[in-house]
Amino acid sequence: MLINLYSDTQTRPVQAMRAAMAAAEVGDEQRGEDPTVNALCEQVGKLLDKPAAVFLPSGTMCNAIGFRLHIRPGGDAVHLHPSAHPIVAEAGGPSALSGAVLAPVPGEAGMFTADALEAALFPAGNRYTPCSRLVSVEQTTNLAGGRVWPLEQVRSVLEVAARHRLRTHLDGARLMNAVVASGVPAAQWARGFDTAWIDFTKGLGAPVGAVLAGSAELIEQAWRHKQMMGGALRQAGIVAAGCRWALEHHVDRLAEDHTNARILAEGLAGLPGITLDPDTVETNIVVFRLADAPRFCRRLEAEYGVRMSTLGPDLVRAVTHHDVDTSAVRRAADAVAAALCDQH
Ligand SMILES: *Cc1c(COP(=O)(O)O)cnc(C)c1O
């Protein structure tokens with residue numbers, strides 16, 4: 001059987017979640033009449049301590065609409081890390097759908113400091129430069145290896161944003177991983193952000209859905225964009241029930257994914273040819289360096305039944321999740337060791 005460490009998006013809904021979905025009360029979501037969706041939005045609003053929230057088909061749409069809410073036509077820029085999802089994995093959506101200038105802010109491990117942000121901002125009132133408008137933070141950092149921004153660093157970045165009157169957006173695709181790893185509640189992470197969202201299709205293991213939260217006014221505007229982009233739904237309670245089930249049953253267990261990622265990292269770190277510091281593994285993502293990563297990953301899957309993904313010519317990512325237990329993770333580490341040995 002394949003040990004699938006490609007992503008935590010590979011989880012399949014468990015039987016109890018499917019049962020909850022099958023039994024969901026439903027209505028016309030876009031008329032505000034789906035009780036299960038409404039309950040989910042209320043729940044996420046409370047979780048993130050925001051007055052309003054809207055159910056969306058994907059995290060990508062949360063970013064698309066979030067950016068759209070903040071970016072005005074005519075040269076507005078969003079500041080975010082160069083490895084951030086909207087830059088690398090949303091098909092150019094920020095430019096195509098919001099007309100945003102992407103203004104990367106460099107930094108270690110998918111994060112940037114308040115000073116780096118300050119240095120990256122365009123001077124206000126300058127006729128030549130784009131207009132700094134939005135700061136987007138990714139928690140946890142996906143391609144940088146599931147790292148958790150320290151709370152003080154988020155606070156100081158938000159202070160810079162506030163001082164320059166910028167809007168702020170929290171890409172919380174894996175926010176609950178950060179919550180479990182840090183012990184800091186979701187509402188504290190979301191505090192000070194104009195918009196924030198969580199995804200249910202990553203480690204939480206639901207098949208469909210994400211919720212974007214913010215002020216009542218912003219979420220009212222978000223509904224217009226949801227309609228425009230084709231994200232307004234009908235009996236979406238079926239999928240929202242999976243999200244509700246996940247919030248109740250799959251949050252605390254993220255700790256197991258984190259332990260498994262750590263076990264995997266420790267198993268891989270000593271192997272010849274692999275560069276990896278297990279101490280950098282804070283959540284469920286393990287990123288390591290290895291020469292000729294694409295060829296290695298193809299062999300690892302074809303010959304050893306272990307799937308990982310390549311992030312670059314010499315970069316591999318393995319993500320732990322609900323459907324891969326500790327013994328499978330140990331077998332995956334052994335498989336990598338065997339595959340490396342075989343090369344010689
Ligand atoms: C997965 C992911 C998204 C997009 O979410 P989807 O539900 O896959 O559309 C956005 N940001 C980050 C950091 C992600 O990991």
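Along the sequence shown, residues are numbered consecutively beginning with 1. Remember, it's 1-based here, ligands and their atoms both numbered in the order they're listed.
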Pair [X] + [Y], salt bridge at N-O below 4.0 Å:
X: Arg163; Y: Glu118; value: yes
X: Glu29; Y: Lys226; value: yes
X: Asp8; Y: Arg174; value: yes
X: Asp257; Y: Arg253; value: yes

Legend entry - Atom CD of Glu108 with >12 non-hydrogen neighbours under 6.0 angstrom: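 12 or below, so no.
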
Legend entry - Protein residues having a heavy atom less than 4.0 Å from any atom of ligand 1: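 Lining ligand 1: Ser58, Gly59, Thr60, Asn63, His85, Glu90, Glu138, Asn142, Asp171, Ala173, Arg174, Trp197, Asp199, Thr201, Lys202.
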
Inset, instruction - Indicate, with yes or no, if the rings of Phe67 and His225 have centres closer together than 6.0 Å. - result: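 Ring-ring flag for Phe67/His225: false, centres at least 6.0 Å apart.
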
